[in-house]
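In what follows, chains carry the letters A, B, and so on, assigned in the order in which the sequence lines appear, proteins first and then strands, with residues in each chain numbered from 1.
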Amino acid sequence: MPQFINELNDAQKEAVLSLNGPNMILAGAGSGKTKVLTYRIAHLLHNGIAAFNILSLTFTNKAAKEMRERIEKIVGLEARSLWMGTFHSVFSRILRTESDKIGFPYNFTIYDTSDAKNLIKSIIKELKLDDKIYKPNIVYGRISAAKNNLISANSYNADSAIMNEDKIMTKPEIGRIYTIYSKRCLKASAMDFDDLLFLTYKLLKLFPDTLLKYQNLFKYILVDEYQDTNYAQYVIVKMLAQKNKNICVVGDDAQSIYSFRGANIENILNFKKDYKFADTFKLEQNYRSTKTIVNAANAIIANNENQFKKNVWTDNPEGNKIKIIKTKTDNEEGKVIANAIYDMKLQMQESFKSFAILYRTNAQSRVMEESLRKMNIPYRIYGGLSFYQRKEIKDLLSYFRMIVNPSDEEALKRIINYPARGIGKVTIDKLILSANRHDKSIWDIVSDIEHYETGISNGPRKKIQDFSNMILSFGGDLYKKDAFELGEHIASTTGLLKSLYLDKTPEGVSKYENIQELLNGLKQFTASEEKTNTPEKTLDKFMEDVALLTDADKTSEDDMNRVSLMTIHSAKGLEFPNVFVVGMEENLFPSKLSLTSRLELEEERRLFYVAITRAEKSVHLTYAQTRFKYGDITYSEASRFISEIPKEYLEPLSRKTAPHSFGQQNHFSTNQSAIPSGQKLVSLKKAAQTMPKASSYSGEKIKEGANIEHLRFGIGTVISVEGIGASTKATILFTNHGKKQILLKFAKLKIVG
DNA sequence: GGAGGCCTCGGAAGG
DNA sequence: CGAGGCCTCC
């Protein structure tokens with residue numbers, strides 16, 4: 001038995017060693033789930049299973065990448081032959097191989113969500129439907145949900161229950177839109193994200209020999225975060241595993257937080273029904289958090305009805321109690337947290353990266369940001385507009401897309417008049433009309449405009465020809481130039497690069513930099529290749545999965561020392577020594593929209609469970625009595641979730657410590673459960689506001705031998721000063737606190753005596 | 001085609 | 001309140 005097995009506890013060991021048959025691993029938060037998955041795969045390889053016979057599915061690229069790296073550390077390069085990736089990336093790989101069977105070319109485009117919504121919007125317009133009623137978002141949501149439930153456009157229109165639902169929603173034409181949308185995607189040789197699942201299902205369903213081929217290929221299947229699978233994913237996995245039944249799913253029903261995008265918690269709850277002889281393993285020992293955190297989390301989740309019985313426990317120390325902080329306003333909440341981070345950093349010698357601020361909605365990040373910025377606390381916000389969604393990036397990528405697949409309608413619409421070349425809205429509408437009439441793609445018309453009666457006059461027609469010729473000429477270079485050469489050629493000949501270069505506004509500069517970054521990506525992609533007459537790292541290869549990439553996949557892992565700000569959803573799978581969960585208020589968390597149903601409230605509670613189980617050492621829960629929402633002040637009460645934590649895990653209500661000479665005082669006004677004490681917090685607010693600016697220190701005065709006063713540690717003498725600039729540190733001997741090392745950048749030292 | 005004004009709308013988010 | 005979409009005007 002390989003050495004690595006000995007690093008595992010008994011439950012983990014069993015889960016790793018049981019290789020055959022259906023297995024379900026229920027992994028509590030922080031129980032070493034990834035470790036088990038990686039060792040299990042390593043163990044399969046050790047047992048002579050070929051890497052290419054193992055399929056491992058995850059939800060994020062990041063998870064797949066991490067796992068592959070970890071396996072590579074154990075087994076070496078063999079790990080590269082594993083089928084390991086997200087559902088979408090693995091399925092797109094299969095679809096590119098088998099595309100002809102379902103009527104697509106191998107070089108199909110993958111539409112991202114905004115492409116899909118644009119197409120829907122344009123169809124709604126073409127059908128002359130009221131876009132106030134047929135909101136693209138809603139229509140997209142219906143179509144997406146249909147596909148995730150494996151309902152084709154035909155079945156949709158034939159399903160009286162669905163049609164009736166749409167009628168009741170006063171949107172009886174959604175089925176028609178769905179039909180046209182599917183047709184247009186096919187014409188454009190494009191699949192949206194949901195198609196990657198739906199069409200994989202269709203492929204395996206319609207072609208039994210293809211199904212058999214992949215059943216034989218994927219002798220062992222592993223699925224991570226199984227509680228997040230939707231119906232389509234569930235069915236496809238089931239089909240693939242049908243023959244060998246060597247399927248291992250890993251998940252935690254308590255962390256199912258994605259039902260709003262179709263995840264079905266029943267998939268994990270019913271695993272034993274689907275696979276009768278399944279072995280179940282429970283990983284219940286938590287290695288991440290303190291006893292206090294683990295026990296509090298258990299107590300919270302116990303309020304849910306739908307769940308597996310699990311007993312998550314830990315050998316870790318008791319740890320600090322959970323602190324509840326109440327503030328008057330959301331602004332104050334931000335200030336108090338910034339102060340608390342500042343203090344904890346000093347007191348506990350923590351680095352900034354050990355802190356995370358988690359919130360329910362992205363809108364809450366702004367207040368936090370402001371406070372952190374005022375205190376010069378470095379932070380990083382996760383989420384928001386991704387690199388690949390930026391306008392300038394999408395524009396250039398649209399050129400790339402058209403070169404790989406000229407039928408790509410959304411790419412064409414984006415760039416046919418960008419940079420401006422005199423092909424206006426009216427002309428484009430005529431093109432679309434003509435394409436629809438002739439049942440062709442827009443590119444079919446554009447590339448052969450002479451042969452169609454479009455009603456477009458000579459001027460614009462000439463310009464369309466020029467555009468078409470340009471695309472064709474780029475296309476001619478596709479296999480002659482490598483991806484970087486062609487990409488750069490396009491960026492410069494179209495004038496895209498130049499116009500951004502000339503734009504010296506901050507936005508323009510940033511756009512130019514982004515384009516450069518994309519080109520750098522192309523360069524990296526081609527870097528491995530030697531110069532030959534027939535390059536292999538061509539643009540079409542680069543484009544294959546670019547639509548499946550997200551920011552998290554971009555290289556240059558930011559190891560900077562910053563506080564992390566993100567939604568609780570995006571914190572799933574991560575861990576931080578110290579966690580602040582902010583906005584613990586009724587109608588915010590739990591969200592107002594969840595209060596109507598028990599199931600939704602339970603999902604909010606799981607979300608809270610996820611939030612506090614991110615923490616290793618400390619948890620702070622904060623709430624504000626008033627908060628700005630949509631420009632109005634709203635009043636809120638403490639979240640019901642706070643009162644679900646047994647008091648023994650909460651910091652007892654304590655009187656504040658006497659104000660310090662700087663006017664600083666203990667921020668942690670504790671407040672048990674739902675009933676606010678009405679304690680006056682004015683002084684606290686003042687304290688936050690009168691905090692000296694972190695940057696206000698003048699470094700020159702802090703010299704060896706200087707007597708100083710520190711905000712928290714009081715009087716002391718500087719023993720030595722090391723480092724330069726922002727990293728200048730002083731070693732100071734405090735009268736009452738002994739020797740401490742302090743970063744001058746953040747310390748507020750006052751020279752005394 | 002682009003700038004600027006008006007209107008609307010507001011949950012979380014992977015691929 | 002503020003972002004984004006849409007319309008209007010130049």
Side-chain angles (χ1 to χ4, degrees), chain A residues 57-64 85-93 95 110-118 121 125 131-132 135-138 141 144 147-148 191-198 200 224-225 228-230 232-233 256-263 330 358-367 382-386 388-389 391 417-428 499 503 505 545-553 566-573 583 587-595 600 603-604 606-608 610-611 627-634:
Chain A
L57 295 168
T58 61
F59 275 84
T60 64
N61 292 307
K62 195 166 162 242
T86 62
F87 282 89
H88 292 84
S89 71
V90 168
F91 293 172
S92 79
R93 201 171 145 192
L95 286 169
I110 298 173
Y111 277 170
D112 68 18
T113 315
S114 69
D115 295 322
K117 284 179 187 169
N118 280 336
K121 197 188 287 177
K125 219 174 91 191
D131 64 358
K132 295 269 185 313
K135 290 181 186 161
N137 260 325
I138 291 177
S144 170
K147 286 184 193 169
N148 284 324
M191 299 182 189
D192 66 21
F193 288 137
D194 303 311
D195 287 330
L196 295 177
L197 307 182
F198 179 61
T200 299
D224 193 13
E225 306 278 13
D228 288 339
T229 49
N230 64 33
Q233 291 162 328
S256 161
I257 54 175
Y258 282 113
S259 76
F260 68 89
R261 65 176 195 215
D330 48 353
L358 308 182
Y359 34 79
R360 180 66 180 81
T361 67
N362 276 313
Q364 290 165 260
S365 70
R366 185 175 305 174
V367 197
Y382 293 76
L385 194 64
S386 102
Y388 297 97
Q389 287 173 16
K391 184 188 175 303
N417 199 32
Y418 183 82
R421 46 176 76 90
I423 305 174
K425 216 168 87 35
V426 180
T427 308
I428 295 171
S499 70
D503 183 352
T505 62
D545 49 20
V546 87
L548 301 175
L549 297 180
T550 56
D551 275 6
D553 311 319
M566 65 184 87
T567 62
I568 303 168
H569 281 92
S570 45
K572 189 172 165 199
N587 295 327
L588 179 60
F589 191 24
S591 157
K592 190 177 189 174
L593 295 143
S594 71
L595 299 179
E600 283 188 64
E603 178 147 319
E604 294 284 309
R606 291 193 293 271
L607 192 57
F608 185 44
V610 168
R627 180 177 295 281
F628 267 96
K629 227 183 234 175
Y630 305 147
D632 284 323
I633 291 184
T634 55

Task: Residues A:Asp192 and A:Lys117 bridged, charged N to O under 4.0 Å - done: no
TODO: Rounded to the nearest angstrom, tell me the gap between atom CG in A:Asp632 and atom P in C:dG2.
DONE: 13 Å
Task: Closest non-hydrogen atom pair between A:His569 and A:Tyr258, with its separation - done: O-OH, 3.3 Å
Open item on the list: Output the rounded distance in Å from CG (A:Leu196) to C1' (B:dG15).
Closed with: 8 Å
TODO: Determine the contact category for A:Arg627: base if any of its heavy atoms lies under 4.0 Å from a base atom, sugar-phosphate if only primed atoms, P, OP1 or OP2 are that close, otherwise nothing.
DONE: nothing
TODO: Take the angle between the ring planes of A:Phe87 and A:Phe59 and call it parallel below 30°, perpendicular above 60°, tilted in between.
DONE: tilted
- [ ] With side-chain hydrogen bond (donor to acceptor under 3.5 Å, both in side chains) as the test, would you mind laying out the steps for A:Ser591 and A:Ser594 before giving the verdict?
- [x] CA-CA 5 Å; A:Ser591 157; A:Ser594 71; 4.8 Å; no
Task: Same-atom distance (C1') from C:dG5 to B:dA12, integer angstrom - done: 23 Å
TODO: Determine, for A:Asp195 against A:Lys147, whether the closest basic-nitrogen to carboxylate-oxygen distance falls under 4.0 angstrom.
DONE: yes
Task: B/S/- contact track for nucleotides 8-14 of chain B, protein heavy atom under 4.0 Å - done: -SBBBBB
TODO: With pairs defined as Watson-Crick or G-U wobble and both distances under 3.5 angstrom, please note down DNA chain C as a dot-bracket string, | for pairing with another strand.
DONE: ||||||||||
Open item on the list: Quick one about A:Ser89 and A:Ser92 (side-chain donor to acceptor, distance below 3.5 Å, no hydrogens or angles considered), yes or no?
Closed with: no
TODO: Using only heavy-atom distances, determine whether the side chains of A:Asp224 and A:Thr58 contain a donor-acceptor pair under 3.5 Å.
DONE: no
TODO: Start with the C-alpha gap between A:Thr567 and A:Thr361, add the side-chain angles, then the distance that decides, and say whether side-chain contact (heavy atoms from CB on, under 4.5 Å) holds.
DONE: CA-CA 6 Å; A:Thr567 62; A:Thr361 67; over 6 Å; no
